[in-house]
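Each ligand, and each atom within it, is numbered from 1 in the order the structure gives. Predicted model, so just to flag it, every value in this text is computed and none were measured.
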Amino acid sequence: MSIRKRIAVTGGAGYIGSHTVVQLVEAGYDVLIIDDLSRSDQRLLDGLKNLLGITIPFRKVDCRNYNALAEIFSNNRIDAVIHFAAFKAVGESVEKPLDYYENNLFSLTSLLRCMQSHKVSKLIFSSSCTVYGEPDTVPVNEQAAIKKANSPYGATKQMCERILEDIEVLGIDVVSLRYFNPIGAHPSALIGELPLGTPNNLVPYITQTAIGLRNQLTIFGDDYPTPDGTCVRDYIHVTDLADAHVKALDFINQNLGNHIFNVGTGFGVSVKELVNQFEEVNQIKLNYKIGSRRPGDVAKVFADANLAFNVLRWKPRFTIKDALQHAWHWEKRIRSIN
Ligand code: UDP
């Protein structure tokens, strides 16, 4: 009988992390969640338990705390790590740059030291399309020049990727996945996006407006050089993004070195189009206005994801409409049990 591999998932109680935990368990992995719950809460851990029918081992630890991390690594066999734990809001990072540099960089270096001292040599890292800043051409592929990031958040992801390039000499193999814009929720509506306080991201702001928690959505700028003037992004269903991590684990188990993949659908959708699709698929009229641009935003970014399609053998299964429907089901369910 082969021993099941155990994956440590930092940030596993968060949005993308929790969805990835589901796909990992379904793919036959054991999972250990490490999360400080600073940007998520118990409700996602409860949702995981309901969805999977088992309690996933969980340690409440901030990854910057090397000693606490090392204790976990000493007491558990860990075969690979998926590192989600990080701050992720572009707008907030412009206002609180030091929080972002401190949290996102030190949690990575502390984790890497821990991996090195415990001889764990496989890492999947959550990177972001923000590393491209405003790309010269879209769809953007992994070869695109990395220019100055538009926000401290984007800069932290660039710096983390650089750190990961440099630690190849330590024998740690890495896949960095450059996420485009994850949206939606698990089709069961048992887990989903649960921002604490006012949402920074578009889709939770939309669903919270639709349910009456917020008065009005503000679309940040309609004077961008795009067809309808609003920003264009590549929105990907969070379960599809989660699946990419399972594929990346298969890949890293067979390949050494440092590898980078875009994870997006390849389609650009504007903020206005997304709002229209939400209204249409859920038969809801959304109260929104046009406001000024948000600092740190780029006009247009969407993925050339052919490398992930061809090398990881990954493909998205859900449409944007599925994602907007699942996001709405989740919002209704989580508010009804509060
Ligand atoms: N956006 C918006 N209103 C909001 C939140 C976001 O118009 O309340 C826009 C934002 O300007 C960007 C897009 O929605 O063009 C996606 O933003 P989000 O924060 O979800 O993701 P990002 O692309 O910044 O990672």
Side-chain angles (χ1 to χ4, degrees), residues 14-16 39 84 86-97 100 104 126-135 138-140 149-158 177-185 192-211 213-238 241 262-265 267-279 286-303 320 323-324 327-328 330-331:
Y15 175 44
I16 310 171
R39 297 287 165 114
F84 291 103
F87 293 159
K88 62 161 192 178
V90 167
E92 183 188 51
S93 79
V94 175
E95 284 152 28
K96 300 177 181 168
Y100 273 69
N104 292 4
S126 299
S127 191
S128 163
C129 65
T130 52
V131 299
Y132 296 118
E134 182 85 64
V138 280
V140 62
N150 281 41
S151 65
Y153 166 68
T156 67
K157 292 295 173 185
Q158 289 181 343
L177 298 177
R178 290 179 177 162
Y179 309 155
F180 284 67
N181 287 58
I183 60 166
E193 196 164 7
L194 196 54
L196 304 181
T198 310
N200 289 301
N201 294 110
L202 179 59
V203 170
Y205 210 105
I206 289 176
T207 54
Q208 289 196 10
T209 306
I211 210 151
L213 268 179
R214 314 272 152 212
N215 284 335
Q216 192 175 42
L217 169 77
T218 303
I219 292 182
F220 297 139
D222 69 349
D223 57 351
Y224 283 97
T226 60
D228 66 17
T230 65
C231 292
V232 169
R233 296 284 183 277
D234 185 334
Y235 295 96
I236 173 171
H237 195 295
V238 65
L241 176 56
N262 282 343
V263 188
T265 65
F267 296 103
V269 171
S270 77
V271 177
K272 267 191 186 159
E273 283 170 335
L274 196 84
V275 168
N276 291 340
Q277 291 205 26
F278 179 85
E279 292 186 322
L286 202 70
N287 182 21
Y288 70 86
K289 65 169 186 194
I290 307 295
S292 48
R293 291 182 177 198
R294 179 175 69 176
D297 273 341
V298 301
K300 188 157 59 161
V301 61
F302 54 96
I320 288 203
L324 294 172
W328 180 228
W330 157 252
E331 185 73 58

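- Each of the atoms 15 (O) of ligand 1 lies under 4.0 Å from some heavy atom of C231.
- Protein heavy atom in closest approach to atom 24 (O) of ligand 1: R294 NH2, 2.8 Å.
- Comparing heavy-atom distances from atom 21 (O) of ligand 1 across N181, V203, V275 singles out N181 as nearest.
- Residue contacts with ligand 1 for T218 involve N, CA, C or O but no side-chain atom from C-beta outward (heavy atoms, distance under 4.0 Å).
- Residue V90 has at least one heavy-atom neighbour below 4.0 Å for each of these atoms of ligand 1: 24 (O).
- Side-chain atoms of D234 come within 3.5 Å of backbone atoms of A303 as a donor-acceptor pair (strictly under, hydrogens ignored).
- At a heavy-atom distance under 4.0 Å, no atom of Y224 approaches ligand 1.
- Contacts between R233 and ligand 1 below 4.0 angstrom, taking non-hydrogen atoms only, involve the side chain exclusively.
- Counted by atom type alone, S126 and Y179 present one or more donor-acceptor pairs between their side chains at under 3.5 Å.
- Remark: the T230 side chain and the D222 side chain contain no N/O donor-acceptor pair separated by less than 3.5 Å.
- Annotation: atom 18 (P) of ligand 1 to nearest protein heavy atom, N201 ND2, 3.4 Å.
- At a heavy-atom distance under 4.0 Å, only backbone atoms of N200 (N, CA, C or O) approach ligand 1.
- Of all the atoms in ligand 1, the ones that sit under 4.0 Å from a non-hydrogen atom of V271 are 7 (O), 9 (C), 13 (C), 14 (O), 15 (O).
- Between R233 and D297 there is a salt bridge, since a side-chain N of the basic residue sits under 4.0 Å from a carboxylate O of the acidic one.
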Residue pair E92, R294: steps toward the salt bridge (Lys or Arg N to Asp or Glu O under 4.0 Å) verdict: CA-CA 10 Å; E92 183 188 51; R294 179 175 69 176; over 6 Å; no

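- The closest donor-acceptor contact from the side chain of E193 to the backbone of A185 lies at 3.5 Å or more, if one exists at all.
- Which of Y179, Y235, F220 comes nearest to atom 1 (N) of ligand 1 through a heavy atom is settled by distance: it is F220.
- The closest side-chain donor-acceptor pair between Y132 and N150, if any, does not fall under 3.5 angstrom.
- Every atom of ligand 1 with a heavy atom of L202 under 4.0 Å away is listed here by number and element: 1 (N), 2 (C), 3 (N), 5 (C), 6 (C), 14 (O), 18 (P), 20 (O).
- Taking every heavy atom of I219 and a limit of under 4.0 angstrom, the matching atoms of ligand 1 come to 7 (O).
- A donor-acceptor pair shorter than 3.5 Å cannot be found between the side chains of R39 and Y15.
- A donor-acceptor distance shorter than 3.5 angstrom exists from the side chain of Y100 to the backbone of A89, with no hydrogens or angles considered.
- By the criterion of a heavy-atom distance under 4.0 Å, the side chain of D297, and not its backbone, is placed next to ligand 1.
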